Trainee: 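Quick one: the structure is below, and I'll ask about it shortly.
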Amino acid sequence: MSAPSDSNSAPRVRIAPSPTGDPHVGTAYMGLFNYAFARRHGGKFILRIEDTDQARSTPGSEQAIFEALRWLGIEWDEGPDVGGPFGPYRQSERLPTYALEVERLLQSGHAYRCFCTRERLAELRKQQVEAKGKFGYDGHCRSLDPETAKARAEAGEACVVRLRVPDEGETLFVDGLRGTIRFANAEIDDQVLMKSDGFPTYHLANVVDDHRMGITHVIRGEEWITSTPKHVLLYQAFGWKMPEFFHLGLLRNPDGTKLSKRKNPVSVFYYREMGYLPETFVNFMGTLGFSMGDDVERFTLAEMVEAFEWEKVHPGGPVFDPVKLAAFNADDIRDLDDEELYRRLLERVLPRERLMPMVRQTKERIKRLDDFVPYVACFFGGEVDYRADWPKAQKKVKKRARKEVVDALKGWLDEIERDPRARAFDAEGLEAFSRDYCEASGFKAGELFTLLRLASTGRMATPPLFDTLEIVGKDRMRERLRGFIAFVAGQPDWAAADKK
RNA sequence: GGCCCCAUAGUUCAGCGGUUAGAACGGCGGCCUCUCACGCCGCAAACCAGGGUUCGAUUCCCUGUGGGGUCACCA
């Protein structure tokens with residue numbers, strides 16, 4: 001049961017993405033650094049799926065993570081699909097382990113059962129916000145007698161298990177990139193370890209698995225710094241040897257905030273579909289927060305592995321600049337020989353799966369086979385030119401103030417992430433969602449759909465809108481709509497000035 | 001707001017006590033050229049501020065400022 005983690009044995013590292021939605025660039029980024037470190041030292045790189053959030057996890061996105069990482073050439077040694085000596089590598093399959101460990105914590109008094117309802121917690125939180133005081137659990141159930149608490153739980157009363165954090169003193173750890181980081185215990189919340197549905201939270205599952213899988217170095221994003229003391233407390237409570245911690249800077253949007261799909265494409269698949277070369281993409285990620293030194297910035301994965309050391313890693317959060325990525329990509333495309341480029345074009349741009357939906361759409365609208373290409377042009381590439389047809393679209397919304405239009409489009413863009421029907425981005429779901437959205441926003445279908453049509457294709461005459469959007473794809477549509485919104489916002493207002 | 005992290009051109013990185021502070025992307029100008037792109041040449045562009053330490057600070061320390069993260073029965 002004890003893990004093989006002598007300080008001089010080969011390192012074991014891991015990434016632990018949760019399978020919710022599209023494979024995130026941030027996951028690939030952390031994967032790259034973990035991979036590079038592991039390979040550099042002849043260690044193992046493990047992929048563990050953290051699917052403890054039953055509400056958000058989806059089976060498809062686990063596959064998507066595999067696919068995205070493999071596309072980039074970031075291969076793992078142990079994982080749910082390839083197996084390994086410390087499996088299972090999917091947390092939903094390790095529930096008994098967590099139950100066992102949590103019981104130990106309960107018995108040693110490092111954790112306690114909490115029967116507070118969500119309502120009470122919400123109320124507590126509200127008061128804390130109003131009082132502008134400290135946030136966090138107030139310790140209501142802390143002093144419950146363990147035996148009676150146990151009896152209540154066994155009688156079926158819903159409860160969670162919380163970590164008992166000392167009131168006094170401080171908890172510290174050494175970050176390999178940032179030095180010693182210390183937190184006053186009073187600042188640390190009594191973190192929930194086990195949810196009422198019997199699933200562990202990230203904090204518990206993460207520490208238990210890292211220990212049991214013999215993880216020696218935890219390399220992850222700096223968003224985790226604040227919760228690391230909780231993990232440290234857990235290691236101490238269990239009496240386990242702690243791994244070394246390295247918190248990398250977070251990838252940022254151009255405005256400096258944490259990279260998010262609201263502001264930037266964040267799906268690895270977007271970059272694949274747009275035709276970035278995987279080796280280029282990896283190289284580009286490797287220039288963020290890492291440097292070979294000597295002003296060298298073009299390198300292969302193998303070269304990065306060979307050169308990898310923590311002294312070359314910079315802890316600040318880099319902006320992910322798609323313009324520079326595109327420049328790298330253009331450069332690498334030029335370096336491909338013609339045969340190779342042709343092969344990649346076929347594989348990436350013209351595969352059967354991608355073309356087939358377009359074939360169906362186009363069939364009854366083209367007169368000659370060759371018309372196909374201009375007809376489907378709007379399904380490829382990034383930006384689209386909507387300026388020519390804008391006056392026509394504008395007429396459809398001539399009674400609206402510019403701001404109304406902009407807000408409606410922004411709202412739609414925001415909502416497609418929240419609404420489950422739109423999230424899948426298929427024609428049927430999109431239509432249902434969009435019609436409801438019209439109702440809610442007070443826009444007529446003819447108004448909104450016209451705007452979306454122009455934004456997505458640059459034209460006023462297209463196949464049915466929602467079939468079109470499905471083929472254009474969510475990420476591409478998001479990009480185009482962002483561009484369109486900026487364009488409209490930059491137009492002079494056309495509605496009468498007295499209109500509210 | 002509390003706590004934590006970070007800080008060199010617009011952006012990504014070099015620098016690791018003494019440099020005309022270097023490169024890439026982007027920007028600007030030029031050359032090449034039937035156009036565009038490529039290619040080539042050049043220009044502008046940075047050490048957040050104030051205190052220390054030191055013979056000497058972009059570099060080490062402190063404070064401030066700015067940016068970011070985090071404060072869930074999400075990870």
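None of the values given here were measured: they were computed from a predicted structure. By convention in this document, chain letters (A, B, ...) are assigned in the order of the sequence lines, proteins followed by strands, and residues within each chain are numbered from 1.
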Trainee: Could you tell me whether A:Arg212 and A:Asp209 make a salt bridge, using a distance below 4.0 angstrom between a side-chain N and a carboxylate O?
Mentor: no
Trainee: Mind checking the P distance from B:U19 to B:C34? Whole angstroms is fine.
Mentor: 50 Å
Trainee: Can you pull out the residues from residues 286-294 of chain A that lie within a 4.0 Å heavy-atom distance of RNA chain B?
Mentor: A:Thr287, A:Leu288, A:Gly289, A:Ser291, A:Asp294
Trainee: Of the residues in residues 250-265 of chain A, which ones touch RNA chain B at a heavy-atom distance under 4.0 Å?
Mentor: A:Leu250, A:Arg252, A:Gly256, A:Thr257, A:Lys258
Trainee: Working to the nearest 0.5 angstrom, can you tell me the gap between A:Ile65 CD1 and A:Thr20 OG1?
Mentor: 7.5 Å
Trainee: My understanding is that only residues two or more places apart in sequence, or in another chain, count here; which of them pass salt bridge (charged side-chain N to carboxylate O under 4.0 Å, His left out) with A:Lys312?
Mentor: A:Glu309
Trainee: For the side chain of A:Arg125, starting at C-beta, report the closest nucleotide among B:G69, B:A14, B:C71.
Mentor: B:C71
Trainee: Does anything in residues 140-169 of chain A come within less than 4.0 Å of RNA chain B? Heavy atoms only, and list the residues if so.
Mentor: A:Val160, A:Arg162
Trainee: Pick the C1' atom in B:G64 and in B:U70, then give their distance to the nearest Å.
Mentor: 23 Å
Trainee: Can you list, in residue-number order, the parts of residues 51-80 of chain A that come under 4.0 Å of RNA chain B, counting heavy atoms only?
Mentor: A:Thr52, A:Asp53, A:Arg56
Trainee: Please list, chain by chain and in numerical order, all residues satisfying side chain to side chain donor-acceptor pair (under 3.5 Å) with A:Arg220, sequence neighbours excluded.
Mentor: A:Tyr202, A:Thr228, A:His231, A:His247
Trainee: Can you measure from OH (A:Tyr98) to CG (A:Leu95) and round to the nearest 0.5 angstrom?
Mentor: 7.5 Å
Trainee: Could you write nucleotides 18-26 of chain B as a row of B, S and -, 5' to 3', where a protein heavy atom under 4.0 Å of any base atom gives B, of only sugar-phosphate atoms gives S, and otherwise -?
Mentor: ----BSBSS
Trainee: Answer yes or no: is there an ion pair linking A:Asp77 with A:Arg39, defined by an N-O contact shorter than 4.0 Å?
Mentor: yes
Trainee: Within residues 186-198 of chain A, find the residues that approach RNA chain B with a heavy atom at under 4.0 Å, and present them sorted by residue number.
Mentor: A:Glu187, A:Val192, A:Lys195, A:Ser196
Trainee: Partners of A:Arg459 by side chain to side chain donor-acceptor pair (under 3.5 Å), sequence neighbours excluded?
Mentor: none
Trainee: I'd like to check the side chain to side chain donor-acceptor pair (under 3.5 Å) partners of A:Gln491; sequence neighbours left out, ordered by chain and number.
Mentor: none
Trainee: Would one find a side-chain N or O of A:Arg334 under 4.0 angstrom from OP1 or OP2 of B:G39?
Mentor: yes
Trainee: Please classify the nucleic acid contact of A:Gly136 as base, sugar-phosphate, or nothing, using heavy-atom distances under 4.0 Å.
Mentor: nothing
Trainee: Quick one: label A:Phe183 by what it contacts on the DNA or RNA (base, sugar-phosphate, nothing), any heavy atom closer than 4.0 Å.
Mentor: sugar-phosphate
Trainee: Does A:Glu93 have any side chain to side chain donor-acceptor pair (under 3.5 Å) partners at least two apart in sequence or in another chain, and if so, which?
Mentor: A:Arg90
Trainee: Grab the stems for RNA chain B, please: at least three consecutive Watson-Crick or wobble pairs, both distances below 3.5 Å, written as range with range.
Mentor: B:1-7 with B:65-71, B:10-13 with B:22-25, B:27-31 with B:39-43, B:48-52 with B:60-64
Trainee: Can you identify which nucleotide, out of B:U12, B:C4, B:C73, has its nearest atom closest to the A:Ile181 side chain?
Mentor: B:C4
Trainee: Between A:Thr201 and A:Lys230, who's closer to the 5' end of RNA chain B by nearest nucleotide?
Mentor: A:Lys230
Trainee: For nucleotides B:G15 and B:C40, find the distance between their P atoms and express it as a whole number of Å.
Mentor: 26 Å
